[in-house]
Amino acid sequence: MTINTNSKQRRTSLLDSGEDFEMLEDVDDGVDDDLPPLEDVGGKKKQSSQEEIAKAEAVTDPSPSLPREEWLDVLGNGQLRKKVLEVGSGPDSRPQRGQTVTINLKTTLTDGTTVEEESNISFTLGDGDVIQALDLTVQLMEMGEKALVEAGAKYAYGALGSSTPAVPPDADLIMEVQLLSAADGPDLELLSPSERISLASKKRERGNVHYQRGDYAFAVNSYGIALQITEASSRVDISPQEEEELLDVKVKCLNNMAAAQLKLDHYEAALRSCVSVLAHQPDNIKALFRQGKVLALQGEYADAIRILKRALKLEPSNKTIHAELSKLVKKHSEQKGAEQAMYKKMLGNPPDINTIQKPQYRKSSWGLSWKWLFGATAVAIGGVALSVVIAARN
């Protein structure tokens, strides 16, 4: 099968674009589609997700000279291995990131229990639509190739496991994968508004799955891809109602992205996401709450209190905002007290203006003496003048 890998219309995933996750969830109803409510999102930062994305970007093709019966250690850590069972159409037929691939998949536990067996599963390669083990190994397969993949729990369903398919926590998996086809992704400019809304919503929902599993960097990646879809230019007419629906998906993505960025301690990125939401919806409670959270985490208590008061005015019955606002007011008061104590220590206690005594001035004895002398002199001069006048008359 010949695959066109040079289409200019193919959408590039964020994993390929080189953008960091600082480019860019919700409140009382449990955040957009099952994400947590207004919680204290200043939790411990999960370090591993971005490291795994970096490793995913660094995956290279195996050497053509590698014997087919040998296992390929995909990441070099023994946690993800691939072995060719049936040879494909050659290295040139390998799919590219951003393409839509279709596979047959059979998944078993290490004890042989089958947990999943499906045909014609389609997903976008490199977008995080499936577990990492599949996303990383399928891009190394040739068209028509059948391979056996051993995946550690870290690259499968992790410590949480899965309900669908039924995978226990911390379970390693063995997957039999056959690559059936690969095709360029849809041209976003030619998608109908309903198709764009559907595709963006699917990417956002996948981001929600990553968020719930604690894979916050992958969540940001999925939300970013959804945003690309909502913001892409279009050659197709769109009605005002469809435009509103597309904007709603965009706002939800930005809100959810801000929540994930907060989990990663990417405060400036989270602030930008909140500002973007408020540019479209100035009274968005969730964006206001998260903006206040970011400012508080940055120590800007006065601004944070102002933002949260605005949110509380819009929704006076929200207990979460009440609690956060009370906490910040207390912190702000403590901060001001600490600053005043520091200034006193640096400058000393300034004197109380009410206790300052005005200086007492007493009259100088010299002042009295000079006045007496001046008066006596004047009298003497007057007496002399009078004597001269009398003498002249005589």
Within the 3.5 Å criterion, strictly below it, is a donor on [X] or [Y] matched to an acceptor on the partner's side chain?
X: Glu268; Y: Gln298; result: yes
X: Glu189; Y: Ser233; result: yes
X: Arg94; Y: Gln139; result: no
X: Ser122; Y: Thr100; result: no
X: Tyr155; Y: Asp135; result: no

Is Val249 linked to Val209 within one hydrophobic cluster, defined over Ile, Leu, Val, Met, Phe, Trp and Tyr using a side-chain heavy-atom separation of less than 4.5 Å?
no

Can you hop from Leu80 to Leu72 via hydrophobic side chains spaced under 4.5 Å?
yes

Verdict with supporting geometry, Asp127 and Arg206, salt bridge (Lys or Arg N to Asp or Glu O under 4.0 Å):
CA-CA 10 Å; Asp127 275 11; Arg206 184 61 188 173; over 6 Å; no

Sequence neighbours left out, what passes salt bridge (charged side-chain N to carboxylate O under 4.0 Å, His left out) with [X]? Give chain and number order.
X: Asp303; result: Arg306
X: Asp283; result: Arg310
X: Asp248; result: Lys252
X: Glu150; result: Arg81

Flag the pair [X] and [Y] as a salt bridge only when some basic side-chain nitrogen lies within less than 4.0 angstrom of an acidic carboxylate oxygen.
X: Lys293; Y: Glu324; answer: yes
X: Glu176; Y: Lys106; answer: no
X: Asp73; Y: Lys82; answer: no
X: Lys83; Y: Glu70; answer: no

Could you tell me which residues satisfy side chain to side chain donor-acceptor pair (under 3.5 Å) with Ser239, sequence neighbours excluded, listed by chain and number?
Glu242

Check side chain to side chain donor-acceptor pair (under 3.5 Å) between Glu195 and all other residues, then give those that pass, not counting sequence neighbours.
Ser192

Please determine whether the number of non-hydrogen atoms from other residues, nucleotides or ligands lying under 6.0 Å from atom CG of Asp111 exceeds 12.
yes

Go through the steps to decide whether Leu247 and His280 satisfy the test side-chain contact (heavy atoms from CB on, under 4.5 Å), and finish with yes or no.
CA-CA 8 Å; Leu247 178 60; His280 297 292; 3.6 Å; yes

